[in-house]
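Notes for the one structure printed next.
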There are 2 protein chains.
Amino acid sequence: MGTVSKALGLIDILARANGPKGLTGIAKAAGFDKATARRMLLELAANGYVVQNSDSRDYELGPALQVYGKIREERFSLLKTVTPFVRALCEQTGETVHASEYSAGMLLSICTEHSTKPIRVNLEPGQKLPLHATASGIAFLSASSPAFIDATLRKPLPQFTSATLTNAEDISKAVREARVLGFATSNQTLQDDVSSVAGAIRNQFDKPIGTLAIAVPTLRMTPNSISELGALVQKTATEISNKLSGRRTGLS
Amino acid sequence: MGTVSKALGLIDILARANGPKGLTGIAKAAGFDKATARRMLLELAANGYVVQNSDSRDYELGPALQVYGKIREERFSLLKTVTPFVRALCEQTGETVHASEYSAGMLLSICTEHSTKPIRVNLEPGQKLPLHATASGIAFLSASSPAFIDATLRKPLPQFTSATLTNAEDISKAVREARVLGFATSNQTLQDDVSSVAGAIRNQFDKPIGTLAIAVPTLRMTPNSISELGALVQKTATEISNKLSGRRTGLS
DNA sequence: ACTAATGGTTCAATAGTTGAAACAAAAACT
DNA sequence: AGTTTTTGTTTCAACTATTGAACCATTAGT
C-alpha cells in the first residue's frame with residue numbers, strides 16, 4: 001500500500017470517529033507511528049482535507065472534502081437522485097435502507113436511512129460492501145457483463161461469516177437467480193443476523209452503477225417479507241434508474 | 001512537497017476541469033510523469049476519491065469525496081448555513097458573492113453565486129484566497145488575534161498584481177481600517193480589474209472562521225457602491241455568525 | 001496499412017518515507 | 001507546588017517507496 005492510501009486512510013478514521021481526534025489516537029487507530037501520522041495529517045491539512053484545531057490540536061475533516069464533494073455532486077447526481085427514494089423507502093418499509101455506488105471493485109455506501117425500530121440494522125455512509133458477500137453485490141453482478149462477473153469471481157473471495165459464499169459457482173448461481181427474480185437476497189453473508197434484499201441501479205446505457213438495498217435483522221426476515229421487500233427494492237431501483245436516464249416515472 | 005500533496009493536487013485538477021480527463025492530460029496539467037500520475041490516480045481510485053471510466057479510461061472525481069464531504073457537513077455546518085445567505089445577497093446586489101472558510105493559512109472558497117450581469121467576476125469553489133491580498137483575507141485578519149496577524153504578516157507575502165500590498169505595515173493599516181469600518185475592501189490586489197468588499201464570519205466564541213465577500217468588476221466600483229455593498233456584507237456576515245452561534249436573527 | 005497519440009509497464013537511480021528515540025509541553029495526578 | 005503521565009513535536013540514519021526515461025500495447029485518425 002502506497003503512502004497516498006495510508007494518508008487517505010486517516011481521513012476514513014476521522015470520518016468514522018464521531019468528533020475530533022488527537023494525534024496519538026489517530027496514529028493508534030491507523031497503526032502508524034506518531035511521526036508518520038503527523039506528517040501525513042499536516043500534509044492533508046495543508047490541502048484542506050483535514051483541519052487542526054489550534055487550541056486542542058485535535059484533527060477533524062476539512063472543508064476541501066465538502067468543496068470537491070459538491071463539485072462531484074453537480075457532475076454526477078446519483079447521490080442527489082437517490083436520497084429521496086431512500087428516505088421514502090425507509091419510511092414505507094420501516095427498515096434500514098441504503099444506496100451504494102460502484103467504486104474500485106466494491107460498492108461504497110453513499111446514503112443510508114435507518115429503521116426506527118428498536119432492533120435495526122446499522123450501517124453508515126462510507127461502508128464498503130464486497131460484491132460477492134452482499135445482496136447489493138449480487139444485484140450489481142446480476143446486471144453486469146459476463147466478463148465483469150468472471151473477473152470478479154476470479155479474485156479472492158474472503159469469508160466473513162459461516163454463511164458467506166466463497167465458491168465462484170455458488171455465487172454465479174445466486175447471480176442467475178437474482179437475474180430471474182429482479183432482485184438479490186442475502187442471508188448473513190457479510191454480517192451475522194443481517195439479511196438484505198437489493199436491486200441494481202443502472203445508467204442510461206443500462207450499465208449498473210450502484211444498488212439500492214433494504215437491510216433487515218434476520219429474525220424479521222420471512223419468505224413473505226423477502227418477496228414483498230424484494231419487489232419494492234426492485235421497483236424503486238428501476239424508478240431511480242429511469243430518473244437518472246432522464247425518463248419520466250410515476251413519482252417525481 | 002510530499003507525495004500525498006501531489007496526489008491531492010490531481011483531485012484539484014479533476015475538479016477544475018469540467019468533465020473527465022485522460023491520463024496524459026492530467027499528467028501534463030500536474031507537471032508529473034505519466035507513470036507517476038497513473039500510480040497516484042490508481043491509488044486515489046482504490047480509495048474511491050477518483051473513478052476511472054472502464055470504457056474511455058478517463059478519470060473523474062469519485063464518490064468518496066461526496067461521502068466524506070457529507071459527513072463533514074453534518075459536523076460543521078458553515079457551508080449549509082452560508083449557502084442561502086450567499087444566494088440572497090447575490091440576488092439582492094446582482095454581483096458575484098462568495099463565502100470562504102479558513103484552512104491552512106488561506107481562505108478556501110466554499111460557496112459561490114455568480115452575478116448575472118454580462119461583465120461579472122468569476123470564481124469557483126475550491127479557489128484559494130491568500131490572506132494578505134484579498135478583501136476576504138483582510139476582513140478575516142481584522143477579526144483575528146494580534147498574534148495571528150503577526151504570524152501571518154511574518155510569512156512571505158507574494159505579489160499578484162501591481163496593487164498587491166506586500167508590506168506588513170500597509171497590510172496592518174488596511175486591517176485596522178477594516179476593524180473600524182466593520183468590513184474590508186480590496187482593489188485589484190489579487191486580480192486586475194476586480195474589487196471586493198468582505199466581512200468576517202465568526203463562531204460562537206467570536207473567533208473568525210471564514211468570510212463573506214462581494215466581488216465586483218472594478219469599473220462598477222464607486223465610493224457609493226463600496227459603502228453600500230460593504231454595509232450589506234457586514235450585516236449579512238453578522239447574521240451568519242449569529243445563526244452559527246444559535247442566536248436568533250431577523251431572517252430565519 | 002500506416003502514423004500519431006494515448007494508455008500502460010518496467011526498472012535502476014533517487015528521493016521521500018519511516019519509526020525509534022529524545023525532547024517539549026500539557027494534563028492529570030498526589 | 002511538585003511529580004508522573006500523557007500527548008504533541010522534532011530529529012536522523014536506515015530503508016523503501018517513488019520517480020521518470022524508455023519501451024510496449026492499444027486505440028484513433030488518415
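The sequence lines fix the lettering, A, B, ..., with proteins before strands; numbering per chain opens at 1.
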Quick one: list whatever passes side-chain contact (heavy atoms from CB on, under 4.5 Å) with Arg16(B), sequence neighbours left out. Asp12(B)
Of the options Ser136(B), Ser109(B), Ser196(B), which is the one that meets Thr211(B) in a side chain to side chain donor-acceptor pair (under 3.5 Å)? Ser136(B)
Interface with DNA chain C, restricted to [range] and to heavy atoms under 4.0 Å:
range	result
residues 9-24 of chain A	none
residues 33-52 of chain A	Asp33(A), Ala35(A), Thr36(A), Arg39(A), Met40(A)
residues 25-32 of chain A	none
residues 145-152 of chain A	none

Considering only heavy atoms from C-beta outward, does the side chain of [X] approach that of [Y] to under 4.5 Å?
X	Y	value
Val50(A)	Leu10(A)	no
Tyr68(B)	Tyr49(A)	no
His98(B)	Pro125(B)	no
Ser172(A)	Leu153(A)	yes

Nucleotide range of DNA chain D lying under 4.0 Å from chain B heavy atoms: dT18(D) to dA21(D)
Enclosure of Lys80(B) NZ (heavy-atom neighbours >12, cutoff 6.0 Å): yes
Taking atom types as modelled, find out whether Glu43(A) and Ser5(B) have a side-chain donor-acceptor pair closer than 3.5 angstrom. yes
Check: Arg75(B) side chain, Ala15(A) main-chain N or O, donor-acceptor pair, under 3.5 Å: yes
